[in-house]
Number of protein chains: 2
Amino acid sequence: MAATIPDEFLDLMAEKFRMLADPSRLAILRSLMAGERSVTQVVEETGRNQANVSKHLKMLAEAGLVARRKEGLQVFYKLDDPLVERLCKLVCETIVEEAQEVMDRQKKLLDGWRVKKRKE
Amino acid sequence: MAATIPDEFLDLMAEKFRMLADPSRLAILRSLMAGERSVTQVVEETGRNQANVSKHLKMLAEAGLVARRKEGLQVFYKLDDPLVERLCKLVCETIVEEAQEVMDRQKKLLDGWRVKKRKE
DNA sequence: TGACTGGTTAACCATACAGGAATATACTTC
DNA sequence: GAAGTATATTCCTGTATGGTTAACCAGTCA
C-alpha cells in the first residue's frame, strides 16, 4: 500500500497537473518531446500564434517543466522534467484503451444487430 | 521513440489532467484510494464542505474517474480509473525528489557559510 | 403524513486564465 | 542609429470554475 499523500503535497501536485491540463500546452510539450526548439519552431509545429506560445512557454518554464536558453535573437526551450513524458504516455495509453473499449462495445452491438437482422 | 501524440488526443488528455489539477479533488481522490467511501466520509476526511465535495464528486464521476453507487440514504463512491493512482504516485515521487534536491542545495549553502564563518 | 438525514442543485461571487491584437523589448545588421 | 527579426508583455474580453449559502430532493422511520 502506497504511503498516503501528505496534505502539503496536494497544492504542488495540483499545479503540476494544471500545467498539463491545457491542449495548447500539451501541443507545445509534444513539440518539445522531439528535442530542443526555438519559439518560432514551436509556433509552426503547434499552429498556435506567437504571443500565445510565448505565454504558455513562460508558464511551463516557471513551473519547471521546460528549460530556457537564449542564443542571439532566438530563445530555445527544451523539456526539463522527466515526469512530463511519462505522464503523457500513461494518459495517452489510457485514452487508446478507452477508445478501444468503446469500439469493441459498438462492434458487439453492431454484430448483435446483424445477427438479429439475418434471423428475420 | 514513443509514437507522437495525435492531435485529437490533446483535448482528452487535457481533460484527464484537468480533473487532477485541483487540490480539493486530489484530497477526495486520496480519500477514495483507501477504498469505497460515502459522501459524508469523504467530507470528514477532506475537511471540505458537503456541497463542495458533492460537486467535485459529480465532476469526477462524469469524467469517469470514480464510480457511484447508491444505497438507501447514502451514496458511495470509489475509484474507477486505474490511471489515477499511478499518476498521483508518479507526481508525488517527483515532488519528494525535488524537495530533496532543494534541501541538499540549502544544506550545501549552509555548510559553505559555516566554513567561511569559521575562517574569519 | 411529517420530521429527519444524506446528497444534490441553484444562485451567487470572485478569481483564473486562454485567446487575440497591439505594443514593447532585445538583439542583429546595415 | 535605423530597420528588421525573434520574443515577450500588456490590455482586453469571454468563459470556466472553485467556494459558499440556501434551497431542494429522496429515502427512512415514527
Side-chain angles (χ1 to χ4, degrees), chain A residues 7 10-32 35-80, chain B residues 7 9-32 35-78 80:
Chain A
D7 276 344
L10 298 181
D11 286 326
L12 295 172
M13 293 176 64
E15 194 187 319
K16 287 258 183 209
F17 285 127
R18 203 160 47 78
M19 282 303 118
L20 301 176
D22 178 85
S24 294
R25 274 195 296 277
L26 287 176
I28 291 170
L29 291 170
R30 175 181 61 180
S31 159
L32 297 182
E36 198 183 47
R37 293 273 185 280
S38 73
V39 175
T40 304
Q41 284 174 311
V42 175
V43 168
E44 282 162 5
E45 291 184 15
T46 59
R48 267 77 177 178
N49 81 37
Q50 192 258 333
N52 211 330
V53 168
S54 196
K55 270 195 292 191
H56 283 305
L57 281 169
K58 186 186 180 185
M59 293 182 68
L60 292 169
E62 280 171 353
L65 300 197
V66 303
R68 207 186 112 109
R69 176 174 71 84
K70 195 162 185 179
E71 186 179 315
L73 263 182
Q74 303 184 54
V75 177
F76 292 89
Y77 287 89
K78 68 174 176 189
L79 285 190
D80 191 31
Chain B
D7 277 343
F9 276 33
L10 299 180
D11 287 325
L12 296 171
M13 294 176 64
E15 194 185 320
K16 287 259 182 208
F17 285 127
R18 202 160 48 78
M19 283 304 118
L20 302 176
D22 177 84
S24 294
R25 276 196 295 278
L26 288 177
I28 291 170
L29 291 170
R30 176 180 61 180
S31 159
L32 297 181
E36 198 182 47
R37 293 275 185 279
S38 73
V39 176
T40 305
Q41 285 174 310
V42 175
V43 168
E44 282 162 5
E45 290 184 15
T46 59
R48 267 77 178 178
N49 84 35
Q50 206 232 9
N52 207 331
V53 168
S54 196
K55 265 200 297 189
H56 283 305
L57 280 169
K58 188 185 179 186
M59 292 181 69
L60 292 170
E62 280 171 353
L65 299 198
V66 304
R68 208 186 111 108
R69 176 175 71 85
K70 195 162 186 179
E71 186 180 315
L73 263 182
Q74 305 184 52
V75 177
F76 291 90
Y77 287 89
K78 68 174 176 189
D80 190 32

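Chain naming here is simple, since letters A, B, ... match the order of the sequence lines and numbering starts at 1 in each.
Judged as a side-chain contact (heavy atoms from CB on, under 4.5 Å), and not counting sequence neighbours, the contacts of N52(B) are N49(B), H56(B). The salt bridge (charged side-chain N to carboxylate O under 4.0 Å, His left out) search around E44(A) returns none, not counting sequence neighbours. Every side-chain contact (heavy atoms from CB on, under 4.5 Å) that L79(A) has, sequence neighbours left out, goes to L29(A), L32(A), M33(A), V66(A), V84(A), E85(A). Annotation: salt bridge (charged side-chain N to carboxylate O under 4.0 Å, His left out) contacts of D7(B) (sequence neighbours excluded): R30(A). Scanning for salt bridge (charged side-chain N to carboxylate O under 4.0 Å, His left out) contacts around E15(B) gives an empty result, with sequence neighbours left out. Scored by the side-chain hydrogen bond (donor to acceptor under 3.5 Å, both in side chains) test, S24(B) finds R48(B) as partners (sequence neighbours excluded).
Side chains of L60(A) and M19(A) form a contact here, defined as non-hydrogen atoms less than 4.5 Å apart. Contact annotation: the side chain of V39(B) approaches that of Q50(B) to within less than 4.5 Å [non-hydrogen atoms, C-beta and beyond]. Residues M59(A) and L65(A) fail the side-chain proximity criterion, which asks for heavy atoms closer than 4.5 Å.
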Acceptor/donor pairs from residues 70-77 of chain B side chains to any protein atom, 3.5 angstrom cut, sequence neighbours excluded:
unit_1 : atom_1 : unit_2 : atom_2 : d
E71(B) : OE1    : R69(B) : NH1    : 2.5
Y77(B) : OH     : R68(B) : NH1    : 3.4

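Of all the residues in residues 12-24 of chain A, not one reaches under 4.0 Å from DNA chain D with any non-hydrogen atom. Contacts between residues 44-51 of chain A and DNA chain D, defined by a heavy-atom separation under 4.0 Å, are made by Q50(A), A51(A). Residues of residues 54-64 of chain A that place a heavy atom closer than 4.0 Å to DNA chain C, in numerical order, are K55(A), H56(A), M59(A).
Counting any heavy atom pair closer than 4.0 Å across all strands shown, F76(B) reaches no nucleic acid atom.
Closest approach of D80(B) to A67(B), counting heavy atoms only: CB-N, 3.6 Å. Minimum heavy-atom separation, L10(A) to A27(B): CD1-CB, 3.7 Å. For P23(A) against D11(B), the heavy-atom pair with the smallest separation is CG-OD1, 3.0 Å.
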Tabulate protein N/O versus nucleotide N/O from nucleotides 25-30 of chain C, keeping only pairs under 3.5 Å, one per line.
unit_1  : atom_1 : unit_2 : atom_2 : d
dA26(C) : O3'    : K70(A) : NZ     : 3.4

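Summarising the geometry, atom CZ belonging to R18(A) is positioned 13.5 Å from atom CG belonging to L20(B); distances are rounded to the nearest 0.5 Å.
Interface limits on DNA chain D: the 5'-most and 3'-most nucleotides within less than 4.0 Å of chain B heavy atoms are dT17(D) to dT28(D).
Note: OH (Y77(B)) to P (dG6(C)) measures 16 Å, nearest angstrom.
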